[in-house]
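Here the structure comes first, spelled out in structure tokens, and everything after it is commentary.
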Number of protein chains: 2
Amino acid sequence: MKRKVTLKQIAKELDVSISTVSKALRNSIEISEDTRQKVQAFAKLYNYRPNNIALSLKNRKTKTIGIIIPEIVHHFFSKVITGIELVANKRGYNVIVGLSNESFDKEVINMQMLANGSIDGFILSIAKETLQHQDYHHFIETINQGMPIVMFDRVVNEIPCDKVIVDDVKGAKLAIEKLISCGCENIAIITTKDYVSVGKLRTQGYIEALEDNKMHPKSSLILKVDDKLLSENQLEALEKEIEELFKLNKNIDGVFAVNELYAVTAMKVARKLGLKIPESLQVVSFTDGVLSKHSTPSLTTVSQHGQSIGEKAADLLINRLEMDEGEEGEEEEEEIYETVIIETELIERESTKK
Amino acid sequence: MKRKVTLKQIAKELDVSISTVSKALRNSIEISEDTRQKVQAFAKLYNYRPNNIALSLKNRKTKTIGIIIPEIVHHFFSKVITGIELVANKRGYNVIVGLSNESFDKEVINMQMLANGSIDGFILSIAKETLQHQDYHHFIETINQGMPIVMFDRVVNEIPCDKVIVDDVKGAKLAIEKLISCGCENIAIITTKDYVSVGKLRTQGYIEALEDNKMHPKSSLILKVDDKLLSENQLEALEKEIEELFKLNKNIDGVFAVNELYAVTAMKVARKLGLKIPESLQVVSFTDGVLSKHSTPSLTTVSQHGQSIGEKAADLLINRLEMDEGEEGEEEEEEIYETVIIETELIERESTKK
DNA sequence: TTGTAGGCGTTATCAT
DNA sequence: ATGATAACGCCTACAA
């Protein structure tokens, strides 16, 4: 097995100095045509490739991006990664992934592991636990050390960094307006407890949309599910809560669910109760994933364009990284951070009327 | 913004040598209690962390694992990543992800990017295109350079490396036997063209299981779908092919689909044709993902245990990496490679009878 | 045209 | 008990 060949070895083999080899390979005009040829031929033969680690150390930049997300088995997050990877690779960067698993500690540890030189900057979405603790010191510290962060989806305003989000309020309004325009008069929402920021915002959009249309939001139609029911796989409990909702409010003719799983489960319960979709009950969901497309009936959803979010986040981060290059030491120069809003889109399928 | 502090800076600040600082931080007994305290206090204050890149360069190992998979927006692959990440982190490794997007070129490029020092070893699943070209030189080269590879799921025997696979034949038999034991007499299979290795193996399992039970596999019941229909999002075409299958074979009472999407689509078509599931048609699918769990009816599936696959792959790789440590140069010592088979499991849900 | 030396941050070995 | 030096692999300013 031929170990990876280095400049040094080539130099020794060809009996020239290391710097000659280095220059020859970079086609420096300082080097004679002759040796250049010789070196390049040899390098090609032995399949020489500069060692990334050495380059990183020398250039003080790794050309890799650290991603920290709560979980990867999740359509939205994997779409985002796809987007990040796409533009990262296009711009010569690699992507290293850490999972927080919704845990504060794992988020902190993972960030520390990566922040010690392994990466140039972070793209991340905050863990639920961190959101609850409201402890953001690890983000602040990372940023203070000169490592830029771009947050997406689950962000928090007080952190000075670029952000890419979806207008959850607006997206929810899109959904509700669709239901209203299709004749719904008693629209329920299935959402999460308020500490999940996106759940809260979508609920807010629901309420605003109703009010905009002179309809009165009724608290009995707002079901705030404990999202542990989701993560801990307690489908039955979720079904029971939803069934209760329907039974206590027989006049429900529209449902807005803040995620696919709630939507699919609501449809299941509804079917069990004899409701026809979309004839007697219409359903719209947030988050456009696999379930929506392949459920029966397929779901009308508000798409967040996860991939676009990833692409934008990567561009923001890399722009900042490469911007910094010019002005290394120039202390505290009134950084301006951007918050990009990716437009949501209503994707109409079979769970609503035309 | 206080840049990351280095040994050098601490040394200067405290007016000692770099090596003293280094030793003090590692609690060397060579250093006086006094200076040790002083250095450690200072280091803590400035939140000193050794630079990973420098360590990697010095130790010639990065403590990171490169993953190359065809795509990440895919329940199975993200489960595998979860598994890899879990044990990698536990054993002090990071994980860097590259997507081949099923393309040969991207697979090669991604591997090259990572193989130049960024990682210690690969865990990968081969791109479809590579499987078709049957061009595996990039794997061979990587291995020859002393960088171990662990392949999972889509593997190819001729490459000398550890492998983690599922017994696709056996898994398929599990599915067919379930259908037979539930009274099915005309079982169709919806599978892929043969160049997709797992599709081929599952088809083989289907045929063997039928023969084992003295039933005659009929070619009219074997639908080999061009898997481009899947990736290019041409659901209608898929539906049409399946509808055709049902119409030409009215007596079908069981369907085995080699993936969730085929299964869900088959159920959709069946429902359209007025077939009741599971009363008049039973369905079993390979690959246990989100769709199976949340479709209506929920799907009986053969679970591949993606997370276990990932965990096992990571353990195999890290074991090999840490084994190598002892015997660096010891040339060609009759490497023994392992192929681990992760057992499949039948998960019974509503699409089959009890 | 080629080579030397220094440095990126660390650690290990060998002085002092 | 502390420090100088070399090395990991690469690049580059400067010297020859």
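A note on names: the letters A, B, ... follow the listed sequences, proteins ahead of strands, and every chain is numbered from 1.
Using a 30° and 60° split on the angle between ring planes, F76(B) and H74(B) fall in the perpendicular class, above 60°. Using cut-offs of 30° and 60° for the angle between ring planes, the H138(B) and F104(B) rings count as perpendicular.
When the C1' atom of dC8(C) is taken as reference, atom NZ of K58(B) falls 14 Å away, rounded to whole Å. Put simply, OH on Y48(B) is 7 Å from C1' on dG9(C), counting in whole angstrom units. If you measure from atom CD1 of I18(A) to atom C1' of dG6(C), you get 13 Å, rounded to the nearest angstrom. Rounded to whole Å, atom C1' of dT10(C) lies 12 Å from atom CD1 of I10(B). In this entry the distance linking CD1 of I53(B) with P of dT11(C) reads 14 Å, nearest Å. Look at CG on N51(A): it is 13 Å from C1' on dC8(C), rounded to the nearest Å. Taking atom CZ of R60(A) as the reference point, atom P of dT10(C) lies 11 Å away to the nearest angstrom.
Only S22(A), K23(A), R26(A), listed by number, bring a heavy atom of residues 21-38 of chain A to less than 4.0 angstrom from any atom of DNA chain D.
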Scan the side chains in residues 5-12 of chain A for donor-acceptor partners under 3.5 Å anywhere in the protein, sequence neighbours excluded, and list what turns up.
unit_1 : atom_1 : unit_2 : atom_2 : d
T6(A)  : OG1    : K8(A)  : N      : 3.4
T6(A)  : OG1    : Q9(A)  : N      : 3.3

Could you pull out every donor-acceptor pair under 3.5 Å between side chains of residues 307-315 of chain A and any protein atom, sequence neighbours left out?
unit_1  : atom_1 : unit_2  : atom_2 : d
Q307(A) : NE2    : E311(A) : OE2    : 3.2
D315(A) : OD1    : R91(A)  : NH1    : 2.7

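Sorted by first and then second residue, the salt bridge (charged side-chain N to carboxylate O under 4.0 Å, His left out) pairs involving residues 45-66 of chain B (not counting sequence neighbours) are K61(B)-E325(B), K63(B)-E322(B). Annotation: salt bridge (charged side-chain N to carboxylate O under 4.0 Å, His left out) contacts involving residues 76-89 of chain B, sequence neighbours excluded, comprise K106(A)-E85(B).
Partner S100(B) forms a side-chain contact (heavy atoms from CB on, under 4.5 Å) with one of E129(B), K128(B), E107(B) and no other, that one being E107(B).
An OP1 or OP2 oxygen of dG3(C) is reached within less than 4.0 angstrom by a side-chain nitrogen or oxygen of S17(A).
Among the heavy atoms of the strands lying under 4.0 Å from L57(B) is at least one base atom, whether or not backbone atoms are also near.
Protein chain A contacts DNA chain D over a range whose 5' and 3' limits, counting nucleotides with an atom under 4.0 angstrom from a non-hydrogen atom, are dC8(D) to dC14(D).
Using a distance-only test at 3.5 Å, with no hydrogens or angles considered, a donor-acceptor pair links the side chain of N110(A) to the main chain of L99(A).
Nearer the 5' end of DNA chain C, as judged by each residue's closest nucleotide, is the contact made by N59(A), out of S19(B) and N59(A).
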